[in-house]
Each structure stands twice: as C-alpha cells, then as structure tokens.
Number of protein chains: 2
Amino acid sequence: MTTVLIADDQPLQRFGFRMLLESQDDMAVLGEATNGTEATRLTAELHPDVVLMDVRMPGLDGIEATRRIVATGARTRVLILTTFDLDEYAYAGLRAGASGFLVKDAQPEELLSGIRAVATGDAVVAPSLTRRLLDTYAQHLPTGTPDDTPARAADDPRLVSLTDREREILTVIGQGWTNTEIATRLHLAESTVKTHVGRILSKTGCRDRVQAVILAYDTKLVEPS
Amino acid sequence: MTTVLIADDQPLQRFGFRMLLESQDDMAVLGEATNGTEATRLTAELHPDVVLMDVRMPGLDGIEATRRIVATGARTRVLILTTFDLDEYAYAGLRAGASGFLVKDAQPEELLSGIRAVATGDAVVAPSLTRRLLDTYAQHLPTGTPDDTPARAADDPRLVSLTDREREILTVIGQGWTNTEIATRLHLAESTVKTHVGRILSKTGCRDRVQAVILAYDTKLVEPS
DNA sequence: GGAGGCGTAGTACCCGGGTACTACGGTGGC
DNA sequence: GCCACCGTAGTACCCGGGTACTACGCCTCC
C-alpha cells in the first residue's frame, strides 16, 4: 500500500488527484495540504510514502517545501507536479531533492506509475523535461575527442535557464553587492533589481541570495580572489 | 593646510582633538560628526583631507562609515582611532579601506604626524598593531626553505582573530545555513547564533553574511563543490 | 582570587531582502 | 499581426538578519 499526501492550492485539482488515487486499491490518500507549510507539517505528522507536490502555492511554495521535507531526512519521497514553466522549475525542484518531476497534463497512468516508482525509491522525470535535461547535459558529457576548454562553467546546467541579464545580476550578487548597490551601479530601480533577484532565485532553486552566492562560486561564475 | 573632520561620539574626545589640531598652524578642523552617518554626509559636503574616525559610534560605526567614504572614490583619507580592542577591529578597518589605524592613547605628536602622513597618501598603523600584523603575516611570507603545506588557508590573516567556535559558525554560514538552521543543528539558541554572527562580522569587517560567505570561499574555509 | 576571554542567552528595535502581484514597451519568431 | 519573452518598474507586505545592549557561568592565567 502506497500512502500519499496531496499538496495543491486548487481544491478542484486536489479532488481530481484524490479520485484518481482512491480508484487504485494499492494507494491511500493520507491527507491534503493547501500550501507548502501545511505540506511540511502534515508530512512530519503522517509520514506518507509520497508527497504529490504542486510547485505554485501561496506562502511557502512547493520547491521550498520539498527542500524542507528532504532536509528532515524522512523517507518520504516528493513528486513535483507543475502545469507548465518546465524550464523554470525543473532544476529548482530537482536540486531541492525531489524524486520526480511531472507535468499535470500527463496521462493518469503516467502519474500513477510515477507515484509507484518514487515510492520504491526510483526517480521519474517528465519525458519533455528528460529531453531538455539530456540536451543540456549532453554538452558536458565526455566526448571522444579530448576537450581542452577548461570547464567553461558559465553555462553550468544550473544556470542555463538564466537570461544574460540575470547572469549578470547573479555575478554581482556573488560579489556581495546589496540590492541598493546593484541598482545604483547598474542604473536600475531597486524594484527592478528585486524582480531580477527573485527570478534568479526561483529559477536556480536558491532559497536566498546567500545560496545564490554559493551557487555563483560553485559554478565558477565568480572566482575566489 | 590639512583639513580634518572629526568623527567621535564623545564630546570631550572631540574637544580634545579639536584643541590639539587647532594648535597646529598647518591644520584646520572643518567640522565634527557624532556618528557614522553624519561622518559620511559631512565628508561628502566638506571634502576634508582626513577624517579622524572613531570605531565605536552609535548607529553607523566607524568601519562601515569608512567603507562608504572610501567607496565614493573621494580623495579623503580615513584615519581610524580606537581605544583598545585592537585585534578586533584592525582587519575590519583596514579592509574597509582606511589609510591608518591608531590607538587613542598615542602621544599627541604621533597623532599629528599620523594625520600628516595619511593626508599625503601614506599609511600609518599603530606600532602595537604593526607588530601583530607582522607576526600574522610572517607565517605567510615565502621562506627560504620550500613550504609544501598547500595553503593551510584556515589561518588566513583575515580569520586569525576568530575563535574556534566562530570559525565553525562561519563555515556553516558559508554553506548557506540560516541562523535558525544553525541554531537547530548545533543545538543553540538563535540569539546565541546571532551573537556569534555579529562578532564574526565585526571581526572580519564583513558587512553582512553574504560577504561572510564570500570570505569563507576566498579563504578556502569552505570549498566549491 | 581577581581579570579577562569565551560561549552561551536574552530583549528590543530597525531595515534590507524576498514574495506576490501587476504592468508596459521592445523585440523576435511564427 | 500576434504572441512570447525579456527587461524594466511599481506597490504592499512580512520576516529574517543585523545591531545594541546586558548578563552569566566556566576557564585559564597571573
């Protein structure tokens, strides 16, 4: 028996999932959460095998909730669901420690088999995303011919979804600039800077600018001095 | 004529400095500031040759004020003064871009010659501090015998004044932990964590934890993964 | 046995950072 | 010509981080 917690802010969506899952005699829905905080709490309480996690939720989003659940060390697996915006959240979700990433317009059978897969410790990724992941990673796989480009790390997988401008901003974040400084020195409104920073964080799955700095160093976007 | 701005929160101290400086016919006191914010503002207004900067001031302290003044690119030099706590602030002050660092119990002549020195672009450091700086750096100077220790960077000059515990905390800051996480995982009260973090920032001269992360990477306290 | 350093802890306060939105002009692709 | 993406900008709101203090038990060193 696979126990599942549903985390989605849309009641109708939750209802659909519940109906689907309860139609299976090897699955049981332990509860429903309407936001990330609730998802985290209920997971700690109910210990489901799998959390079906929506990305976009008010308050604590699915990515961050995933991170927290994984951080507790519980054996609960998280399967992230999203409507679209694949590129946007894929890395974030997987970095957060999710066991899978599916799109909501998947066939019901795909979802069910996905749940069964992650419950047993496997991982699943939506085919459309798998493709993109492969394309991305392919450039970084060892080739037959020796590759002497010394880790052109600026196009690290974790950064691919960033626009040039965002990468620029991430660089100066990595140099320790505050939002105000970025605004002044780059001749931008502080609100614009915040918009950029917010998008960078969500795309990369970083919780805050501190982790963004770490990412910038890890990807060699900025180098230790 | 060397023009000077006095920044100190103690009226009596300011008075003493003013008297001393005005007794010299090659020096003029342009004004007095009682905190860092005022010091920054008055510097921008009056363009003194030298700011005599106290470290401990309410609100914006002397270190941060120094950083801001230096950041403006003005040709004003900052000479930092402190009562004691040399180790504590020395690095912070020098990293902030100060041209000098003197102790308040110095002889009046020392102070005067110090001011003249920094006004002409030289740098001065209190002898007691010089000693310590040398001791610190000496370990890092190239020796006659080849040194095969691969940059045991944990005792980087910028970190020497940190206690073991503080270094520990800095490490996890560098790993992106929030104060709450540090408190939980290290079994501490959050207030304790904040105390540690505050001391780390003031000792290292970092403005905030973001810069602390950068420092942690630069000193190889934490390594890119 | 005092002094000082260290690690711990607390309170009160303020501000910058981050989130959640909306919006709008430019540009490039279909 | 329209749609999607990008860069820009704004408002409103909340919270974590940082500062400024005080305090106390434990060591170590003189």
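Residue numbers begin at 1 in each chain, while the letters A, B, ... track the order of the sequences.
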Visitor: Sequence neighbours left out, what passes side chain to side chain contact (heavy atoms under 4.5 Å, CB included) with A:Ser191? Give chain and number order.
Guide: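 Result, side chain to side chain contact (heavy atoms under 4.5 Å, CB included) vs A:Ser191: A:Ala189.
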Visitor: Using the test side chain to side chain contact (heavy atoms under 4.5 Å, CB included), find all partners of B:Ala7 that sit at least two apart in sequence or belong to another chain.
Guide: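 Counting only residues at least two positions away or on another chain, B:Ala7 forms a side chain to side chain contact (heavy atoms under 4.5 Å, CB included) with B:Ala33, B:Ala39, B:Val51, B:Met53, B:Met57.
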Visitor: Each nucleotide in nucleotides 24-30 of chain C should get exactly one letter: B, S or -. Can you fill that in based on protein heavy atoms under 4.0 Å?
Guide: -------
Visitor: What is the distance, to the nearest angstrom, from the CG atom on A:Leu186 to the C1' atom on D:dT8?
Guide: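 Those two atoms, CG and C1', are 13 Å apart.
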Visitor: Report the distance from atom CD1 of B:Ile169 to atom C1' of C:dT8, rounded to the nearest whole Å.
Guide: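 Rounding to the nearest Å, CD1 of B:Ile169 and C1' of C:dT8 are 11 Å apart.
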Visitor: Sequence neighbours left out, what passes side chain to side chain contact (heavy atoms under 4.5 Å, CB included) with B:Arg41? Give chain and number order.
Guide: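 Per chain and number, B:Arg41 pairs via side chain to side chain contact (heavy atoms under 4.5 Å, CB included) with B:Glu38, B:Glu45.
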Visitor: Using the ring-ring contact (aromatic ring centres under 6.0 Å, His included) rule, collect all pairs that involve residues 190-210 of chain B, keeping only residues at least two apart or in two chains.
Guide: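 Qualifying pairs: none.
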Visitor: Would you mind reading off the bend of the helix from C:dG1-D:dC30 to C:dC30-D:dG1 from its two end axes, five pairs each, to 10 degrees?
Guide: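 Answer rounded to 10°: the end axes differ by 50°.
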Visitor: Could you state the atom-to-atom distance from CG of B:Leu162 to P of C:dG5 in whole Å?
Guide: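 Computing the B:Leu162:CG to C:dG5:P distance gives 16 Å.
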Visitor: If you look only at distance, which donor and acceptor atoms sit under 3.5 Å apart when one is on a side chain in residues 169-181 of chain B and the other is two or more places apart or in another chain?
Guide:
{"unit_1": "B:Thr171", "atom_1": "OG1", "unit_2": "B:Arg167", "atom_2": "O", "d": "2.7"}
{"unit_1": "B:Thr178", "atom_1": "OG1", "unit_2": "B:Glu181", "atom_2": "N", "d": "3.1"}
{"unit_1": "B:Asn179", "atom_1": "OD1", "unit_2": "B:Arg209", "atom_2": "NH1", "d": "2.9"}
{"unit_1": "B:Asn179", "atom_1": "OD1", "unit_2": "B:Arg209", "atom_2": "NH2", "d": "3.3"}
{"unit_1": "B:Glu181", "atom_1": "OE1", "unit_2": "A:Arg207", "atom_2": "NH2", "d": "3.3"}
{"unit_1": "B:Glu181", "atom_1": "OE1", "unit_2": "B:Thr178", "atom_2": "N", "d": "3.1"}
{"unit_1": "B:Glu181", "atom_1": "OE2", "unit_2": "A:Arg207", "atom_2": "NH1", "d": "2.6"}

Visitor: Heavy atoms from C-beta onward define the side chain here; which of C:dG7, D:dG17, D:dC6 lies closest to that of B:Thr180?
Guide: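 Ranking C:dG7, D:dG17, D:dC6 by closest atom to the B:Thr180 side chain puts D:dG17 first.
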Visitor: Report the C-alpha distance between A:Arg68 and A:Glu64 in whole Å, list the side-chain angles of each, state the deciding distance to 0.1 Å, and finish with yes or no for side chain to side chain contact (heavy atoms under 4.5 Å, CB included).
Guide: CA-CA 6 Å; A:Arg68 297 195 185 176; A:Glu64 180 57 26; 3.0 Å; yes
Visitor: What is the distance, rounded to the nearest whole Å, between atom CH2 of A:Trp177 and atom C1' of C:dG17?
Guide: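 Distance, rounded to whole Å: 18 Å.
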Visitor: Taking ring-ring contact (aromatic ring centres under 6.0 Å, His included) as the cut-off, I'd like each qualifying pair that reaches into residues 203-225 of chain B, sequence neighbours left out, listed once.
Guide: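 Of all non-adjacent pairs touching residues 203-225 of chain B, those that pass ring-ring contact (aromatic ring centres under 6.0 Å, His included) are A:Tyr217-B:Tyr217.
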Visitor: Measure the distance from CD1 on B:Ile63 to P on D:dG18 and round it to the nearest whole Å.
Guide: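 After rounding, the gap between these two atoms is 17 Å.
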Visitor: Within the pair B:Arg207 and D:dG18, is there a side-chain N or O less than 4.0 Å away from OP1 or OP2?
Guide: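 Looking at the OP1 and OP2 atoms of D:dG18, neither is under 4.0 Å from any side-chain N or O of B:Arg207.
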Visitor: How long is the line joining NZ of A:Lys203 and P of D:dC5, in whole Å?
Guide: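 Atom-to-atom, A:Lys203 to D:dC5, this comes out as 10 Å.
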Visitor: Could I get a table of every N or O pair under 3.5 Å where one atom is in the protein and the other is in nucleotides 9-15 of chain C?
Guide:
{"unit_1": "C:dA9", "atom_1": "OP2", "unit_2": "B:Ala189", "atom_2": "N", "d": "2.7"}
{"unit_1": "C:dA9", "atom_1": "OP2", "unit_2": "B:Thr192", "atom_2": "OG1", "d": "2.9"}
{"unit_1": "C:dA9", "atom_1": "O5'", "unit_2": "B:Thr192", "atom_2": "OG1", "d": "3.2"}
{"unit_1": "C:dG10", "atom_1": "N7", "unit_2": "B:Ser191", "atom_2": "OG", "d": "3.4"}

Visitor: Do side-chain atoms of A:Thr76 reach the backbone of A:Asp49 as a donor and acceptor pair under 3.5 angstrom?
Guide: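 Absent.
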Visitor: Determine, stepwise, if the pair B:Leu111 / B:Leu81 fulfils side chain to side chain contact (heavy atoms under 4.5 Å, CB included).
Guide: CA-CA 9 Å; B:Leu111 179 57; B:Leu81 291 172; 4.1 Å; yes
Visitor: According to salt bridge (Lys or Arg N to Asp or Glu O under 4.0 Å), who are the partners of B:Glu223, at least two apart in sequence or on a separate chain?
Guide: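 Here no residue qualifies.
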Visitor: Output yes when at least one side-chain N/O atom of B:Asn179 is less than 4.0 Å from OP1 or OP2 of D:dG17, else no.
Guide: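 Indeed, a polar side-chain atom of B:Asn179 lies that close.
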Visitor: Take atom CZ of A:Arg167 and atom C1' of D:dC6, then tell me their distance rounded to the nearest Å.
Guide: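 About 14 Å, once rounded to whole Å.
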Visitor: Quick one: which residue pairs count as a ring-ring contact (aromatic ring centres under 6.0 Å, His included) with a foot in residues 37-69 of chain B, not counting sequence neighbours?
Guide: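 Qualifying pairs, neighbours excluded: none.
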Visitor: Could you tell me which residues satisfy side chain to side chain donor-acceptor pair (under 3.5 Å) with A:Arg185, sequence neighbours excluded, listed by chain and number?
Guide: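 Once residues adjacent in sequence are excluded, A:Arg185 has no partner under the side chain to side chain donor-acceptor pair (under 3.5 Å) criterion.
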Visitor: Tell me: CZ of A:Arg209 to C1' of C:dT19, nearest whole Å?
Guide: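 My rounded result for the distance is 14 Å.
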Visitor: Let's see if you can work this out: which of C:dG7, D:dG7, D:dG18 has an atom nearest to the side-chain heavy atoms of A:His196?
Guide: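 Shortest atom-to-atom distance from the side chain points to D:dG7.
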